[in-house]
Amino acid sequence: YVIPSLPYEGFGSNSSLTVNPGDPPHSCTGSANSRTGWLTFTAPSDGNIEVAVQAARSDNPTANSGIVITAYPLNGATIGAELACATVPKDSTGPLQNAILTFPVSQGATYAIETASLTTGAASDVATLYIGVGLAPPTPTFDVGPAEVTLKPGDSRRFQTIVSNL
């Protein structure tokens with residue numbers, strides 16, 4: 001599926017997705033997994049992109065079906081080296097959790113996001129996927145000044161703390 005623009009939110013089912021022997025193994029699972037689906041997008045600007053995917057089991061919509069998401073750069077139809085990988089384990093009780101990726105992008109470059117089930121064959125692998133893709137929030141910073149001070153016993157000193165992007 002081609003994501004037309006960012007930010008993007010969508011949902012769908014993985015019920016018709018299958019194993020593809022040509023899919024790359026994921027660094028965070030060591031395998032290619034199953035019920036794989038692919039989304040692509042073109043980065044609107046330089047920066048960081050955040051992808052969040054939630055996979056609610058079809059047999060228990062308050063529990064996680066077990067999912068892995070990965071991101072790759074694309075050069076035409078060729079997949080580049082994995083940029084990020086995240087999982088949420090399968091469970092029977094929930095609560096639902098998001099698998100979240102953050103990775104750098106360059107304006108005009110195309111990227112692929114792969115979603116996959118962590119296991120194969122079970123009815124509980126079938127899930128409704130909720131997917132969000134957009135610019136990542138800025139990284140929080142915390143700075144204390146002065147950076148280095150030598151104090152003698154009994155001395156006191158005030159420090160200033162600067163926090164941003166919370």
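Values below: all heavy atoms of this structure, side chains included; hydrogens, waters and symmetry mates excluded.
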Would you please test L17 and T36 for side chain to side chain contact (heavy atoms under 4.5 Å, CB included) and show each step?
-> CA-CA 6 Å; L17 302 179; T36 59; 5.9 Å; no
Could you walk me through whether L129 and I67 pass side chain to side chain contact (heavy atoms under 4.5 Å, CB included), step by step?
-> CA-CA 9 Å; L129 304 177; I67 191 165; 3.6 Å; yes
Determine, stepwise, if the pair R57 / S92 fulfils side chain to side chain contact (heavy atoms under 4.5 Å, CB included).
-> CA-CA 9 Å; R57 288 172 56 159; S92 58; 3.9 Å; yes
Between F41 and Y1, does a side chain to side chain contact (heavy atoms under 4.5 Å, CB included) hold up when you go through it step by step?
-> CA-CA 9 Å; F41 71 93; Y1 176 80; over 6 Å; no
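Closest approach of L135 and S45 over heavy atoms only: CD2-OG, 4.2 Å. Residue Y111 comes nearest to P73 through the heavy atom pair CD2-CA, 3.7 Å, listed as atom of the first residue, atom of the second, then distance. Minimum interatomic distance between S15 and V126 (heavy atoms only, all atoms of both residues): CB-CG1, 3.7 Å. Minimum interatomic distance between A99 and V88 (heavy atoms only, all atoms of both residues): N-CG2, 3.5 Å.
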N/O donor to acceptor pairs below 3.5 angstrom from side-chain atoms of residues 101-110, sequence neighbours left out:
residue	atom	partner	partner atom	Å
T110	OG1	T42	OG1	3.4

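Residue pairs meeting the disulfide (SG to SG under 2.5 Å) criterion with at least one partner in residues 57-97, sequence neighbours excluded, are C28-C85. Among pairs with a residue in residues 137-159, none fulfils ring pair (Phe, Tyr, Trp, His ring centres under 6.0 Å), at least two apart in sequence or across chains. The side-chain hydrogen bond (donor to acceptor under 3.5 Å, both in side chains) contacts involving residues 140-153 comprise T141-S164, where partners must be two or more places apart or lie in separate chains. For residues 43-77, the pairs satisfying ring pair (Phe, Tyr, Trp, His ring centres under 6.0 Å) are W38-Y72, with sequence neighbours left out.
Take F11 and apply the ring pair (Phe, Tyr, Trp, His ring centres under 6.0 Å) test, not counting sequence neighbours, and it matches no residue. Residues that satisfy the side chain to side chain contact (heavy atoms under 4.5 Å, CB included) test with L96, not counting sequence neighbours, are Q54, A56, N64. Residues meeting the side chain to side chain donor-acceptor pair (under 3.5 Å) test with S58, sequence neighbours left out: none. For T128, the side chain to side chain donor-acceptor pair (under 3.5 Å) test picks out no residue, with sequence neighbours left out. S31 pairs by the side chain to side chain contact (heavy atoms under 4.5 Å, CB included) definition with T29, N33, not counting sequence neighbours. For Y130, the ring pair (Phe, Tyr, Trp, His ring centres under 6.0 Å) criterion is met by no residue, not counting sequence neighbours. In this view, E114 and H26, T70 satisfy the side chain to side chain donor-acceptor pair (under 3.5 Å) rule, not counting sequence neighbours.
In terms of modelled atom types and a separation under 3.5 Å, the side chain of N20 and the main chain of G22 share a donor-acceptor contact. Side-chain N or O atoms of D91 include one that pairs as donor or acceptor with a backbone N or O of G94 at under 3.5 Å. E82 places a side-chain N or O within donor-acceptor distance of the main-chain N or O of S27, the cut-off being under 3.5 Å. A donor-acceptor pair under 3.5 Å is absent between the side-chain atoms of T87 and the main chain of P89, judged by distance alone.
A single hydrophobic cluster is not seen to contain both L83 and I79; linkage of ILVMFWY side chains at heavy-atom distances under 4.5 Å, directly or through other members, places them apart. I131 and V2 fall into different hydrophobic clusters, defined by Ile, Leu, Val, Met, Phe, Trp and Tyr side-chain heavy atoms under 4.5 Å apart, directly or through other members.
T40 is not listed as a side-chain neighbour of I113, based on a closest heavy-atom distance of 4.5 Å or more. Considering only heavy atoms from C-beta on, I100 comes within 4.5 Å of E50 through its side chain.
Note that NZ of K90 is 6.5 Å distant from OG of S117, once rounded to the nearest 0.5 Å.
Around CG of D155, the count of heavy atoms belonging to other residues, nucleotides or ligands within 6.0 Å exceeds 12.
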